[in-house]
Amino acid sequence: QVQLVESGGGLVQAGGSLRLSCAASGGAFNYYAMGWFRQAPGKEREFVGGISSSGTRTSYADSVKGRFTISRDNVKNTVYLQMNSLKSEDTAVYLCAAQPAILAASLTVFQRSTDFRSWGQGTQVTVSS
């Protein structure tokens, strides 16, 4: 089972940018579909963005579409979340998730938290207004 470690969170002013990274180890990274979720205090975990194991398909929550971009580097075993035009409502703990997806599933972008088998510990993003 792959292990995931997120980094890159921090405090940023509204309108600013951050890039989150999620480093994977212990598995064949290119076989995994990846996702980013976030959870704010008192709220349910919500899908932010996902990328297929093939890297050719992505999907985003409506709330971040046009502002956030997910990408992956299969050489560095890392998935990224570039976050631009940040808003106070983006404040949350951001978690990375992985799910094996090969062959016919290599084009699948998973969006439900229950679809993912492996999770990181999360990184805090705080956007000040």
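The figures here come from the full heavy-atom set of this structure, side chains too, leaving out hydrogens, waters and symmetry mates. Heads up: numbering here begins at 1 and tracks the sequence.
Trp119 and Ser113 get closest at one heavy-atom pair: CZ2-O, 3.4 Å. Contact detail for Val64 and Val48: the closest heavy-atom pair is CG2-O, 3.5 Å. Of all heavy-atom pairs between Ser129 and Ala14, the closest is CA-CB, 4.2 Å. Pairing each heavy atom of Ala98 with each of Tyr32, the nearest pair is CB-CD2, 3.8 Å. Nearest heavy atoms, Ile51 versus Val109: N-CG1, 4.0 Å. Listed here is the closest heavy atom pair of Met83 and Val125: CE-CG2, 3.9 Å.
Using a 4.5 Å heavy-atom cutoff, the side chains of Ile70 and Tyr80 are not in contact. With contacts defined as side-chain heavy-atom distances shorter than 4.5 Å, the pair Thr123/Leu20 qualifies. For the pair Gln124 and Thr91, the minimum side-chain heavy-atom distance is below 4.5 Å.
Judged by distance alone, with hydrogens and angles left aside, the side-chain atoms of Ser88 form no donor-acceptor pair with the main-chain N or O of Ser128 at under 3.5 Å. Between the side chain of Ser54 and the main chain of Thr56, a donor-acceptor pair closer than 3.5 Å is present. Formation of a donor-acceptor pair under 3.5 Å by the Gln82 side chain with backbone atoms of Phe68 is not found in this model. Glu6 places a side-chain N or O within 3.5 Å of a backbone atom of Cys96 that can act as its donor or acceptor partner. No side-chain donor-acceptor contact under 3.5 Å links Glu46 to the backbone of Glu44. With hydrogens and angles ignored, the 3.5 Å screen pairs no side-chain donor or acceptor of Ser52 with any backbone N or O of Leu107. Panel note: side chain Arg57, backbone Ser53; no donor-acceptor pair is recorded below 3.5 Å. Side-chain atoms of Arg72 do not come within 3.5 Å of backbone N or O of Gly55 as any donor-acceptor pair. The backbone N or O of Ala104 lies less than 3.5 Å from no partner atom in the side chain of Ser106, so there is not a single donor-acceptor pair.
Judged by a 6.0 Å distance limit and a 45° cone about the ring axis, Arg38 is not positioned over the six-membered ring of Tyr94.
Under a hydrophobic clustering in which Ile, Leu, Val, Met, Phe, Trp and Tyr are joined whenever their side-chain heavy atoms come within less than 4.5 Å, directly or via other members, Met34 and Leu18 fall into the same cluster. Leu81 and Val93 fall into different hydrophobic clusters, where Ile, Leu, Val, Met, Phe, Trp and Tyr are joined by side-chain heavy atoms under 4.5 Å apart, directly or via other members.
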- I would like to know whether Thr108 and Gln99 meet side-chain contact (heavy atoms from CB on, under 4.5 Å); could you show each step before the answer? CA-CA 10 Å; Thr108 302; Gln99 174 63 22; over 6 Å; no
- What do the steps show when you test Phe29 against Val2 for side-chain contact (heavy atoms from CB on, under 4.5 Å), and what is the final call? CA-CA 8 Å; Phe29 180 71; Val2 67; 5.6 Å; no
- Task: Mind running side-chain contact (heavy atoms from CB on, under 4.5 Å) on Gln111 and Phe116 for me, showing each step along the way?
- Result: CA-CA 9 Å; Gln111 299 186 26; Phe116 290 89; over 6 Å; no
- Task: Run the numbers on Gln1 and Arg117 for side-chain contact (heavy atoms from CB on, under 4.5 Å), then give the verdict.
- Result: CA-CA 8 Å; Gln1 188 165 331; Arg117 182 181 302 177; 4.2 Å; yes
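Side chains of Asn84 and Ser17: a donor-acceptor N/O pair is present below 3.5 angstrom, by distance only. Ser118 and Gln3 form no side-chain donor-acceptor contact under 3.5 Å, judged by distance and modelled atom types alone.
Separation of the Phe47 and Trp36 ring centroids does not fall under the 6.0 Å cut-off.
Counting non-hydrogen atoms of neighbouring residues, nucleotides and ligands closer than 6.0 angstrom, the NZ atom of Lys65 exceeds 12 such neighbours.
A salt bridge between Lys87 and Asp90 is absent, with no side-chain N of the basic residue lying under 4.0 Å from a carboxylate O of the acidic one.
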